[in-house]
Every structure is written in C-alpha cells, then in structure tokens.
Amino acid sequence: MNANAPILPLLIPLLTALLQMVSARLPFQRVVGLLATALLVLVTGWLTLLADDGVVRVYALGDWSAPFGIVLVVDRLAAAMTLLTAILGLLVLLYASAGFDQEGLHFHPLFQFQLLGLLGAFLTGDLFNLFVFFEIMLLASYVLLAHGGGLARTRAGISYVVLNLVGSALFLIALGLLYGVLGTLNLADVARVVALPGHDRSLARLAFILLIAVFALKAGLLPLSFWLPHTYTAAGAPVAALFAIMTKVGIVAMLRVQAVALAPTMPDLLDHWLTPLALATIVFAALGALAATRLRALAAWLVLLSAGTLLLTPAQASSEVSAAALYYLMQSTLAAAAFFLLSGVIAQQRGERADHFMTGPPLRSAWLAIAFLVLATTAAGLPPFSGFVGKLMLLTTLRDVAAGPAIWAVVLTTGFIVMAALARDGCYLIWKHRAKARPLPVEGIGWQQTTAVLLLVAAGPLLAVLAKPLSDFSQRAAVQLHTPGAYVAAVLHSGTVNPDGREATR
Amino acid sequence: MEVLLSIAIGVLTSCGVFLVLRSRTFPVLLGLTLLSYAVNLFLFASGRLRLDAPPLIRAGASYTDPLPQALVLTAIVIGFGMTAYLAILALRALSESGADHVDATKEP
C-alpha cells in the first residue's frame with residue numbers, strides 16, 4: 001500500500017470525475033464529489049505524514065524506471081502542496097454545492113479534473129508530464145471560468161485562453177530546446193546531464209529562462225500579470241477561490257526547478273531580474289487593491305500581491321527563505337480563497353449592489369462582519385493572525401540578502417496601503433447604509449456556504465496557533481528541497497536500489 | 001533540409017504572432033493554430049533530423065529518436081482540444097455581444 005501511495009492523489013479525482021459523468025443528477029454528483037474530496041484530504045494527509053520521514057518516494061508509472069519512464073516524486077514539499085490543494089478543494093466544493101453548481105453543466109467532473117491537474121503538477125518529476133498536467137489544469141479552468149455564463153466571463157475567458165495557449169507554446173519550445181540540448185526531460189536527469197560537459201551551455205540557459213518565463217506567466221510576475229486581476233474578478237466566487245492555488249503552481253515549479261537543476265550548475269540565472277520584477281509586482285498589486293471597486297477584485301489583487309511576495313524567494317536559493325515562503329504560501333492561499341468565498345456570500349445579501357464598494361442595504365448576518373474583520377486582519381498581515389506570522393518569517397529571513405532593504409521598504413509600504421484599502425472597503429460593505437435601509441429579503445445562506453467560509457476564515461487564527469509545528473515542517477521541507485543530490489539520486493537509482501522500482505530507499 | 005525546416009518554422013511563427021495580435025477572435029484563432037504548427041515542427045526537430053530512418057530502435061540499423069514524435073503527438077492532441085474550445089468560446093462571445101472583437105463590451 002505504501003509503495004502505491006504517490007499515485008492515489010491522482011487516481012481519486014480521475015475516477016471520481018469518470019464516475020460523476022455516469023449520471024448528470026446533481027445530488028449524486030455532489031455526494032460523490034464531496035466524499036471523494038474528503039477521502040483525498042485523508043490520503044494526502046497520510047502522504048504528508050509518510051513523506052515527513054525524509055525519504056524521497058519515487059513512483060515509476062508502468063514500472064518504467066527513470067529516466068525512460070515517467071515518475072511521480074513525493075517529498076515533503078510535494079506532499080504538503082497536495083494536502084493544501086485537497087483541503088482547499090474540499091471547502092470550495094462544499095461552498096459550490098449550495099447552488100453554484102446548478103448554474104451550468106458539468107461543474108463537478110470539471111472540478112475533479114482541475115484537482116487532478118493541480119495535484120499532478122505538484123507530484124510529477126518529469127518536465128513534459130508537468131506540461132501535460134498544466135494543460136489538464138488549464139483546460140478544466142477554462143471551462144470553470146466560463147461557468148455561470150455572462151459576457152464578462154466569456155470575455156475574460158477569451159483573453160485567458162489565448163494567453164495560456166501562447167504560454168503553452170512557449171513551454172513546448174522550452175522543452176524542445178531542453179530535449180535538443182540535453183537529450184532528457186526528466187527533472188532529475190536534466191540536473192545530472194546539465195552538470196556534465198559536452199553540451200551547448202548557452203542554449204541550455206536559454207531553455208531554462210524560457211521555462212522560468214512560462215512559470216512566471218502562471219504565477220503572475222509583473223509584465224505577464226495583467227491577465228490575472230480581471231480573470232479572477234470575472235470568475236464565480238468558488239471558481240476564483242480554487243484559482244487562488246493556481247498561481248502557486250508556477251511558484252512551486254519555479255522553486256523546484258531552481259533548487260534541483262539550476263542551483264548546482266547555473267545559480268546566477270535568476271539573479272538581478274527576478275527580485276526587482278517581483279517587487280514591481282507587489283507595488284502594482286497594492287495600487288490595484290487601492291483602486292478596486294468590488295470585493296472580488298480586491299481579492300484578485302491580493303492574490304497577485306501574495307504571488308509577488310512569493311516570487312521574491314526563488315532567486316535567494318536559501319532554505320530559510322524557502323521555509324518562510326512555504327508557510328506564507330499556505331496561509332495566503334487559504335486567506336485569498338476565503339476572501340473570494342466571503343465576497344460571494346456578501347454579494348448574495350446586498351442584491352443589486354452585490355460586492356461593489358458603494359452604499360447598499362445592510363448585511364443580514366452579523367457573523368459576516370466579524371469574518372471580514374478577521375480575514376482583513378489576516379490579509380493585511382496584522383497581528384495576531386497567520387498573515388502577520390508569515391510576513392514576519394519572510395521579512396526576517398530576507399533581511400540578510402543583497403536586496404534586503406529594498407524588499408523591507410516595499411513590503412512594509414505596500415502592507416500599509418493594503419491595510420488602508422481593506423479598512424476603507426470594510427466601511428463600505430459593513431457600516432455604510434442609509435438610515436432607513438432594511439436588509440433585503442433575499443434567500444438565506446446555505447449551511448454549506450457558512451461552513452466553508454467559516455472554516456477558511458478560521459484558517460487565519462488556526463495557522464497562527466499552529467505556527468510552530470508548521471514552520472518546523474516548512475523548515476524540514478525546505479532543507480529537503482535544497483538538497484538536490486538526494487532528489488536526483490532517489491529518482492535515478494530507484495530502478496537499481498529496489499528492483500520493483502516503486503519505492504526508493506535512497 | 002535544416003534550412004527548409006527552420007525557414008518553415010520561422011515563417012509559421014511570425015505569421016502566428018502577427019495574427020495573434022489582431023483584434024478579432026477569428027484571426028487570433030488562426031494565429032494560435034499557426035503557432036502550434038510551428039511549435040510542433042520545432043519539437044519534431046529537437047530529436048535531430050534524419051532521412052530514411054524509422055523511429056524504431058533496431059540493432060545494426062539506423063533509426064531516429066522516437067521520443068520527440070511521441071511528444072509531438074501529445075502536443076497536437078492538446079493543442080487541437082484547446083483550439084476547439086477557444087472556437088466555441090469565441091462563438092459564444094459573438095452571440096452574447098454581437099461582435100467578434102476580442103474586447104467586446106456591448107451587452108446584448
């Protein structure tokens with residue numbers, strides 16, 4: 001059972017999606033989807049516990065050992081990301097089951113395919129396979145983005161699809177170059193071959209730069225980030241909440257490629273350009289948050305802000321910074337998702353005004369105001385919640401790097417701007433309504449929505465309480481990430497150490 | 001052979017990029033198709049060009065690298081599906097806004 005553990009997070013969503021396509025009845029699809037995603041949380045949680053022993057587990061698909069076959073690689077980082085994806089998926093699916101899934105066709109199978117793509121992108125150890133999982137994730141996201149209909153979504157969908165198709169073309173060009181130069185696409189084998197003499201180094205560098213550029217497009221680095229805010233704003237609340245983890249796929253892929261393939265041979269590839277662009281992204285996102293006219297747009301800009309903050313880290317190539325980044329990534333993903341879901345609930349209660357920042361009818365449910373306060377405190381990085389802990393860890397570890405003073409200045413200033421924007425927007429949504437206004441007689445909030453929002457909002461305080469074990473785990477994961485030798489050895493020798501090729505014992 | 005292939009890739013890419021930058025969805029769609037043709041040719045060439053050599057590894061006989069051909073097949077299938085979806089999305093935008101401009105804003 002343990003030997004087959006790495007494939008389970010991919011099989012569960014795949015089989016669930018196939019099962020859900022058997023019958024188009026919503027209650028059936030809901031029950032199957034929720035049960036399967038809950039199972040996925042358990043399985044990925046177990047995988048994370050399993051991975052915490054420090055062994056890099058390698059699963060050779062079809063028992064074709066690397067570098068000839070495709071491998072799935074589970075280390076602490078990959079396992080933790082799958083767990084985060086599964087938890088987010090479960091809560092978002094719960095929210096969507098309250099009625100959002102009725103607005104269009106095939107929501108549930110597509111949701112499972114999106115999970116499949118996300119999980120596969122975190123688990124795979126092969127660059128071409130990474131492309132395939134990216135495409136699975138994107139194809140599902142194209143359709144989910146258009147879910148619910150309306151011109152705004154279709155329009156956002158067109159630019160999003162075109163942009164990502166061009167990104168896929170670039171990805172393939174990078175892979176072609178890499179294969180032409182190095183003769184392999186397995187990440188561990190790439191790391192091994194690129195250190196050997198006898199290939200065109202400048203072409204290899206070019207291929208890696210193209211690869212990083214594609215990851216930067218997914219993550220939303222500044223010149224490539226103009227698609228992100230309006231796409232996420234146009235998407236339905238649960239879809240946007242799931243999309244909150246999509247930018248993180250690019251960041252984790254970048255961290256992985258940097259640590260395994262680039263750090264030993266061309267450590268200067270990311271220097272000088274990634275950090276300034278990431279800082280520019282942060283400033284851009286903070287100004288966007290200030291200019292946002294609705295809560296959903298504000299949440300989209302906050303996604304971009306956290307992506308920019310995380311993009312500060314790959315160029316530093318240090319395990320302390322990566323550890324802080326991992327904690328920041330977890331808490332910012334959950335906070336952004338909570339913001340999208342909360343904006344959906346608030347929009348339900350304000351009728352025509354929806355989640356726009358203008359005077360409207362008062363909210364019927366008082367807990368929404370408290371949830372907003374907790375969430376805004378988390379997102380702005382104020383104590384005592386997890387946003388503060390994450391930012392503190394990042395800033396402490398980034399103090400000693402070359403660009404440290406600039407990073408401190410930009411992150412702290414933009415933090416202040418975001419705080420001002422959140423305070424102003426909270427006033428509009430919660431306090432500002434006409435004296436005689438009464439709450440609108442709208443339909444109530446489903447218990448599924450309440451549970452999902454409350455659990456995601458509670459992640460802010462909870463992750464702060466659990467900061468010690470989580471940051472210890474992040475530390476171990478980052479140390480493992482920055483020991484590429486073990487990764488390469490585990491993947492390439494999995495066939496020889498253990499003849500059945502499923503589990504490497506290092 | 002190399003010159004011919006590189007010229008073909010170059011022409012396809014430049015036409016593709018030019019069309020992607022147009023403001024109507026149909027030329028953009030055509031541009032993406034051309035771009036994916038160029039990328040497929042490029043991937044194909046990444047295994048080196050060989051004449052009269054099948055992609056089958058046999059002892060003593062000359063063969064060409066089969067892996068890029070498998071990669072190209074995957075890329076073709078994925079690109080085809082994406083293009084089909086974009087075509088449907090463009091048609092939906094046309095029916096909703098009455099214009100095939102990529103930034104159509106008019107509500108019906």
Side-chain angles (χ1 to χ4, degrees), chain A residues 67-70 104 110 113 117 126-129 131-146 149-186 203 207 210 230, chain B residues 9 13 16-17 20-22 24-25 28-29 31-49 65 67-68 70-72 74-79 81-108:
Chain A
F68 305 109
I70 291 169
L110 286 166
F113 276 123
D126 185 278
L127 288 174
F128 195 81
N129 201 226
F131 166 76
V132 173
F133 278 121
F134 263 37
E135 294 304 308
I136 294 177
M137 172 182 95
L138 288 173
L139 193 46
S141 76
Y142 298 157
V143 192
L144 284 178
L145 174 61
L151 183 57
R153 279 177 199 168
T154 313
R155 241 189 74 200
I158 288 179
S159 57
Y160 177 68
V161 175
V162 170
L163 199 77
N164 276 300
L165 282 179
V166 176
S168 303
L170 274 182
F171 201 161
L172 282 174
I173 291 174
L175 292 179
L177 265 179
L178 214 53
Y179 187 77
V181 176
L182 303 176
T184 180
L185 286 174
N186 181 292
L203 262 185
L210 269 178
H230 74 262
Chain B
I9 295 175
T13 312
V17 170
V20 165
L21 298 177
R22 308 296 295 173
R24 302 199 168 267
T25 47
V28 170
L29 193 67
L32 284 171
T33 316
L34 290 185
L35 208 54
S36 72
Y37 290 163
V39 167
N40 290 342
L41 279 179
F42 182 82
L43 264 186
F44 186 73
S46 72
R48 305 292 183 274
L49 296 173
D65 192 344
L67 189 77
L71 301 187
V72 168
T74 317
I76 289 174
V77 173
I78 291 177
M82 300 287 179
T83 314
Y85 180 71
L86 183 61
I88 295 299
L89 203 62
L91 282 176
R92 192 163 130 179
L94 177 65
S95 71
E96 279 175 2
S97 69
D100 68 341
H101 197 274
V102 287
D103 270 339
T105 49
K106 200 184 74 180
E107 292 287 348

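Please read these numbers as outputs of a predicted model, since none were measured by experiment. Chain naming here is simple, since letters A, B, ... match the order of the sequence lines and numbering starts at 1 in each.
- The side-chain heavy atoms of B/Met82 and A/Leu139, taken from C-beta on, include a pair separated by under 4.5 Å.
- Contact detail for A/Tyr142 and B/Tyr85: the closest heavy-atom pair is O-OH, 3.1 Å.
- When each of A/Gly157, A/Ser168, A/Gly150 is scored by its heavy-atom pairs under 4.5 Å with chain B, the top score falls to A/Gly150.
- Between B/Leu32 and A/Val161 there is no side-chain heavy-atom pair separated by less than 4.5 Å.
- The two residues B/Ser46 and A/Gly176 come nearest to each other via the heavy atoms CB-O, 3.1 Å.
- Rounding to the nearest 0.5 angstrom, the gap separating the CG atom in B/Leu43 from the CZ atom in A/Phe128 is 6.5 Å.
- Counting heavy-atom pairs under 4.5 Å between each of A/Val132, A/Leu170, A/Leu175, A/Val162 and chain B puts A/Val162 at the top.
- At a 4.5 Å heavy-atom cutoff, the contact between B/Ile78 and chain A is made by side-chain atoms alone.
- Within the 4.5 angstrom heavy-atom criterion, only side-chain atoms of A/Leu185, from C-beta onward, approach chain B.
- A donor-acceptor pair is defined here as one N or O able to donate and one able to accept, closer than 3.5 Å; such a pair exists between the side chain of B/Arg92 and the backbone of A/Ala146.
- One finds the OG atom of B/Ser95 at 9.5 Å from the CG atom of A/Leu151 (value rounded to the nearest 0.5 Å).
- The contact between B/Thr74 and chain A is made entirely by side chain atoms (from C-beta outward), counting heavy-atom distances below 4.5 Å.
- Contact annotation: the side chain of B/Asp65 approaches that of A/Tyr179 to within less than 4.5 Å [non-hydrogen atoms, C-beta and beyond].
- The number of heavy-atom neighbours closer than 6.0 Å to CZ of A/Phe133, taken from other residues, nucleotides and ligands shown, is above 12.
- Expressed to the nearest 0.5 Å, how far CG of A/Leu165 lies from CG of B/Leu35 amounts to 9.0 Å.
- How far NE2 of B/His101 is from CD1 of A/Ile158: 11.0 Å, rounded to the nearest 0.5 Å.
- Contact tally against chain A (heavy-atom pairs below 4.5 Å) for B/Leu89, B/Leu86, B/Thr25: the top residue is B/Leu89.
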